[in-house]
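Working notes, structure below.
Because the structure is predicted, anything quoted here is derived from the model rather than measured. Within every chain, numbering begins at 1; the chains are lettered A, B, ... in the order of the sequence lines, protein sequences first and strands thereafter.
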Amino acid sequence: MIKTRFAPSPTGFLHVGGARTALFNWLFARHHGGQFVLRIEDTDQVRSTAESAAGILEDMLWLGLNWDEGPQVGGKKNGYFQSMRLAIYEEYLQQLLKEDRAYEAYESPQELAAMRKACEAAKRPFRYRRNMPGRSKAGAGPAVLRFEMPHEDITFQDEILGPITVKADEHDDIVIRKSDGFPTYHFAVVVDDHLMGITHVLRAQEHLMNTPKHLGLYKALGWTPPHHAHMPLVFNMDGTKMSKRDKTRAARQGLAAYASRQKDPDYRLLAERAAVPVEVIAAFVGKKNEDTQLAQKLAAAIGVELPEIDVQDFRRSGYMADALLNFIALVGWSPGEDREILTRDQLLQLFSLGGIGKTNGRFDRKKLAWMNGEYIRAASPDVLLQALNGFLAVSDYPLAGANEELKRDLLEMYKERTGTFGEMAHNAVFFFEEPQYDAKAVTKHVITPEAQSFLSQSLALLEPVHDWTLAGLESAMERVLSLGEKRGAAAQALRVALSGGPVSPPLLQTIVALGRDRTLSRIKANIRPT
RNA sequence: GCCCUCAUCGUCUAGAGGCCUAGGACACGGGCUUUUCACGCCUGUAACUGGGGUUCGAAUCCCCAUGAGGGCACCA
């Protein structure tokens with residue numbers, strides 16, 4: 001039986017790249033009726049956090065990537081956090097030690113750095129090997145355990161890339177137990193993959209050069225290694241790595257633009273408005289702080305959108321999980337036909353390793369937004385409402401205060417014209433708050449004599465209506481649209497008066513959703529005495 | 001620097017020697033529809049990195065060059 005795993009390290013949120021790795025593993029296992037394991041690789045005591053692990057689980061579940069074994073599933077309590085499995089690793093560490101395949105090494109990090117630097121200066125690659133000259137003797141510092149890599153070429157068959165060979169003199173005796181007693185990633189991953197019965201390791205290509213090391217360990221431990229497949233990486237549209245730094249960078253750019261635009265060079269006004277101390281903002285701008293939460297907060301205060309990097313970001317922007325999954329699946333994989341919109345079931349049915357390409361891809365947010373729009377348009381009202389509520393729970397828009405019926409109506413009128421729930425919620429703010437009037441639109445569509453006349457006449461036509469429904473307003477609206485010489489001439493005046501700008505859903509629906517009081521008072525407010 | 005991998009429209013990709021005057025999707029341009037914006041429909045621009053081979057025939061196979069990416073941690 002096929003068994004795959006996704007093994008994130010809990011040092012941050014679930015990144016879209018990680019989500020894709022998880023998805024492919026999940027699809028591969030499920031397609032073949034196998035099992036999917038989730039394992040938390042928290043062997044880095046400094047950077048791992050419990051909150052991060054919890055966040056990753058939550059994001060996995062939001063995406064619908066459920067696991068057969070892992071945290072909260074599969075019986076063995078805590079058995080899927082590597083930090084809880086130290087005794088297991090120690091057992092195999094001792095085995096290697098006893099068989100003389102592992103040995104202690106005593107160089108301090110500083111010494112190693114100096115050795116690397118010396119090699120670099122001599123234009124020679126640095127390789128730590130047991131038989132190299134000048135190794136430190138046992139001394140004051142705590143020791144690490146290194147694995148003596150075989151002195152032979154290692155070749156393996158990558159299920160995506162084909163045969164990969166690394167020559168004997170390229171090997172390095174990797175550290176397998178750190179001085180804090182924790183195993184390194186290389187060791188823990190091999191032991192766990194073996195013990196958990198993983199048959200296929202599907203991971204990002206950045207791990208390609210790790211595989212020979214792992215194969216060396218499998219051999220030394222006397223185990224049959226799993227199949228390996230390395231998938232291409234995903235980058236930003238400009239070819240840079242998708243990293244959380246993209247968010248802080250975008251926030252800084254936004255802040256700089258804000259400072260000159262709003263004449264707030266010291267961010268004193270912003271500090272007050274965002275309730276963030278001036279010093280904190282200064283530290284952030286001065287790159288002394290890479291806190292993405294802070295970046296998010298400041299960006300929100302100045303109305304700047306940060307690029308989505310983590311699954312949570314996409315969730316907060318109002319993407320649907322299925323759309324995100326569908327899009328991510330298509331970066332690096334293709335079903336081999338001209339098909340793009342694929343349901344979860346279709347993905348499951350069509351997925352195969354053979355469909356995974358070899359070339360790195362770029363993350364085209366425009367296409368994702370289009371695809372999400374397709375999902376929004378295709379979803380049933382119930383599914384859509386549920387997804388919208390999920391979005392509203394993790395974001396902050398006045399739309400959250402609407403009752404379910406109004407949400408349904410707004411969804412109905414916005415689904416044809418929106419890519420994300422965030423975009424919709426943003427555009428629909430005028431239903432809940434007084435509109436921010438766009439000066440240009442007002443000049444062009446509201447204060448002209450003709451427009452003023454249209455507004456007065458519209459008011460006269462609408463005010464007598466008390467049955468404020470689509471049916472009740474239909475004939476009055478029909479007459480409003482007939483005002484002027486050209487049909488629809490009055491529409492823009494009304495649209496700007498009601499929404500604040502030149503763009504809105506169709507007027508009739510807008511007026512119904514807005515309600516009688518707001519509609520009439522906004523029209524009145526825009527009729528100016530001459 | 002050394003090692004590894006990759007290479008089709010701006011982007012994601014189809015393509016497993018003749019079906020390719022290279023197909024689809026996003027984006028972009030034009031048009032239709034239209035109370036705005038969208039949606040929808042029609043339509044256009046746009047690619048096999050270069051050079052050598054192999055072959056009757058190459059986007060597809062081989063070699064070299066170039067370019068891009070990854071790796072070279074007591075991070076994973």
Side-chain angles (χ1 to χ4, degrees), chain A residues 7-11 41-44 46-48 105 107-109 112-113 116 119-120 122-127 142-146 158 160-162 164-167 169-170 172 174-180 182-186 188-189 203-212 230 232-235 237 239 241 327 330-341 354 357-371 373-374 377 414-419 427 441 445 477 480-482 486-492 494-496 499 501-508 510:
Chain A
S9 65
T11 55
E41 309 216 320
D42 55 349
T43 51
D44 184 337
V46 178
R47 298 196 300 154
S48 299
E107 290 78 11
S108 68
L112 288 169
R116 284 193 189 92
C119 279
E120 197 180 322
K123 300 204 167 186
R124 289 187 41 211
F126 174 66
R127 309 258 186 269
V144 298
L145 224 50
R146 283 184 187 266
D158 188 282
I160 293 170
L161 299 171
I164 305 286
T165 300
V166 172
K167 300 214 174 55
D169 58 6
E170 296 295 330
D172 213 24
I174 51 171
V175 172
I176 51 178
R177 186 178 66 194
K178 308 181 221 179
S179 55
D180 67 1
F182 270 54
T184 58
Y185 157 73
H186 296 301
V189 80
R203 72 213 327 185
Q205 232 174 73
E206 61 199 17
H207 284 291
L208 188 60
M209 290 297 100
N210 289 335
T211 304
H230 292 91
L233 272 17
V234 185
F235 296 93
M237 280 304 277
K241 236 179 183 162
F327 177 77
L330 260 22
V331 182
W333 174 79
S334 163
E337 304 167 44
D338 294 334
R339 301 177 63 183
E340 304 231 85
I341 303 289
K358 301 178 176 183
T359 55
N360 294 159
R362 298 185 184 208
F363 198 92
D364 187 348
R365 288 188 174 73
K366 283 197 175 156
K367 185 161 183 175
L368 169 61
W370 162 78
M371 189 172 277
E374 291 291 300
R377 264 159 249 137
Y414 273 104
K415 71 179 190 185
E416 302 294 327
R417 62 200 87 239
T418 196
N427 290 333
H445 299 295
M477 262 313 289
V480 168
L481 291 176
S482 304
K486 212 176 93 200
R487 181 181 159 77
Q492 280 310 77
L494 210 49
R495 191 182 312 282
V496 176
S499 74
V503 176
S504 84
L507 278 173
L508 179 53
T510 299

| query | If the sugar-phosphate is the primed atoms plus P, OP1 and OP2 and the base is the rest, what is the B/S/- string for nucleotides 26-39 of chain B, using protein heavy atoms under 4.0 Å? | reply | BS-------BBBBS
| field | Contact state string [nucleotides 2-8 of chain B, B base, S sugar-phosphate only, - no protein heavy atom under 4.0 Å] | value | -SSSSS-
How is [X] classified with respect to the nucleic acid when contacts are heavy atoms under 4.0 Å: base, sugar-phosphate, or nothing?
X	answer
A/Val144	base
A/His186	base
A/Asn210	base
A/Glu337	nothing
A/Ser179	base

| message | Return whichever of A/Arg116 or A/Lys241 has its heavy-atom-nearest nucleotide of RNA chain B closer to the 5' end. | response | A/Lys241
| field | C1'-based separation of B/U13 from B/C72 [nearest Å] | value | 32 Å
| said: I'd like to know if the side chain of A/Arg127 reaches the main chain of A/Asp169, judged simply by a donor and an acceptor atom lying under 3.5 Å from each other, with no hydrogens or angles considered. | reply: yes
| Non-neighbouring partners of A/Phe363 that pass ring pair (Phe, Tyr, Trp, His ring centres under 6.0 Å), sequence neighbours left out | A/Phe314, A/Phe327
| task | Indicate yes or no: does A/Glu340 engage A/Lys367 in a salt bridge with an N to O separation below 4.0 Å. | result | yes
| Are A/Arg377 and A/Glu374 within salt-bridge range, i.e. N to O under 4.0 Å? | yes
| task | Could you check which of B/A76, B/A73, B/G69 has an atom nearest any side-chain atom of A/Phe235? | result | B/G69
| field | Nucleotide nearest A/Asp338 when distance is taken to its side chain, options B/G70, B/C12, B/G24 | value | B/G24
| Counterpart residues, salt bridge (Lys or Arg N to Asp or Glu O under 4.0 Å), relative to A/Arg116 (two or more places apart) | none
| Considering residues at least two apart in sequence or located in another chain, which fulfil the salt bridge (Lys or Arg N to Asp or Glu O under 4.0 Å) criterion with A/Arg177? | A/Glu90
| field | Test side chain to side chain contact (heavy atoms under 4.5 Å, CB included) applied to A/Pro109 - qualifying residues, sequence neighbours left out | value | none
